[in-house]
Amino acid sequence: MALSATTTLPHSVDSVAAVLVNEDFQRHVSQLVGGSLESFTVDGDVAGAFNTTSVRTLPTTRLPEIARKFVGDHLKVTQVENWDAPGADGSRQSNISLKIAGAPVDVTAVQRLVAEDGGTRVELEGAVKSSVPFLGGKIADAAEPMVAKALNLQAAQAQAWLESH
């Protein structure tokens with residue numbers, strides 16, 4: 001199942017990137033959806049290429065009942081982001097991988113922060129896949145809207161965070 005989203009924030013790429021790799025911001029977004037941030041690490045200097053790893057526990061209340069029977073009341077989600085160094089115009093790109101413990105769903109995405117007219121266009125493209133024979137497509141179809149909402153929520157919250165901090 002394909003993921004695709006674009007939004008524009010009236011802040012510089014540096015500001016948007018700094019928020020996305022801020023542990024307090026990541027904790028805020030996790031709590032906003034009823035979860036918790038278990039850990040967050042940054043490996044490398046954020047001025048160049050670097051990686052982040054966040055581990056969250058998230059409620060399954062928005063999943064279909066049949067899915068909750070398999071995964072329980074909470075999911076542990078590990079998100080790894082491999083950030084490239086800034087381009088000549090300051091634009092950034094990160095390759096995102098989400099693994100959900102106990103669920104046969106994998107998410108891969110590319111997020112681009114593109115400098116545009118004094119602001120940042122946030123582009124997200126990716127895919128949700130499930131390895132379950134015969135049911136994999138249905139599982140991915142059910143997971144895709146939730147993953148897309150979570151990633152879009154992060155971008156929207158980045159704007160609110162920048163305006164309040």
Side-chain angles (χ1 to χ4, degrees), residues 1-63 74-101 103 105-128 142-165:
M1 193 79 210
L3 293 172
S4 182
T6 302
T7 190
T8 301
L9 304 178
H11 301 279
S12 70
V13 169
D14 285 345
S15 296
V16 173
V19 167
L20 295 177
V21 300
N22 178 293
E23 183 172 354
D24 291 335
F25 173 73
Q26 292 297 327
R27 183 170 286 105
H28 166 73
V29 172
S30 297
Q31 292 170 346
L32 191 65
V33 297
S36 63
L37 183 66
E38 303 295 323
S39 66
F40 182 78
T41 58
V42 177
D43 182 22
D45 183 351
V46 297
F50 67 95
N51 303 316
T52 65
T53 302
S54 56
V55 179
R56 296 179 176 86
T57 300
L58 301 172
T60 59
T61 51
R62 293 189 176 128
L63 289 177
H74 293 88
L75 294 173
K76 184 171 270 193
V77 179
T78 300
Q79 181 171 332
V80 176
E81 297 184 8
N82 299 307
W83 287 77
D84 294 344
D89 66 350
S91 295
R92 304 288 305 246
Q93 178 174 301
S94 66
N95 294 301
I96 301 170
S97 171
L98 288 174
K99 301 285 185 193
I100 303 169
V105 175
D106 290 317
V107 179
T108 55
V110 174
Q111 179 174 256
R112 292 178 193 84
L113 306 181
V114 181
E116 182 177 82
D117 298 326
T120 301
R121 187 176 69 246
V122 181
E123 301 173 347
L124 180 74
E125 292 181 26
V128 178
E144 185 273 332
M146 295 185 64
V147 171
K149 283 180 188 176
L151 294 171
N152 285 328
L153 174 70
Q154 181 169 287
Q157 286 300 307
Q159 180 168 343
W161 187 269
L162 283 164
E163 291 170 0
S164 67
H165 288 81

Mind checking the [atom1]-[atom2] spacing from [X] to [Y]? Nearest 0.5 Å is all I need.
X	Y	atom1	atom2	value
Gln31	Ser36	CD	OG	8.0 Å
Leu113	Gln93	CG	CD	9.5 Å
Leu58	Lys76	CG	NZ	11.0 Å
Thr52	Asn82	OG1	CG	8.0 Å
Ile96	Gln154	CD1	CD	7.0 Å
Gln157	Leu32	CD	CG	5.0 Å

Please examine the side chains of [Y] and [X], heavy atoms only from C-beta on, and report whether any two atoms are closer than 4.5 Å.
X	Y	answer
Thr108	Asn95	no
Leu162	Val16	yes
Gln159	Pro10	yes
Asp24	Trp161	yes
Val42	Trp83	no
Arg112	Arg121	no
Val122	Thr120	yes

Next on the checklist: Using every non-hydrogen atom in the two residues, find where Phe40 and Ser54 come nearest and quote the distance to one decimal.
Outcome noted: CD1-CB, 3.6 Å

Checklist entry - Between Gly90 and Pro86, what is the shortest heavy-atom contact and its length? => result O-CB, 4.1 Å

Item to check | Any side-chain donor near an acceptor of the partner, Ser94 and Arg92, under 3.5 Å | outcome: no

Item to check | Flag for Ser91-Asp89: side-chain donor and acceptor within less than 3.5 Å | outcome: yes

Checklist entry - Are the side chain of Gln26 and the backbone N or O of Leu20 linked by a donor-acceptor pair below 3.5 Å? => result yes

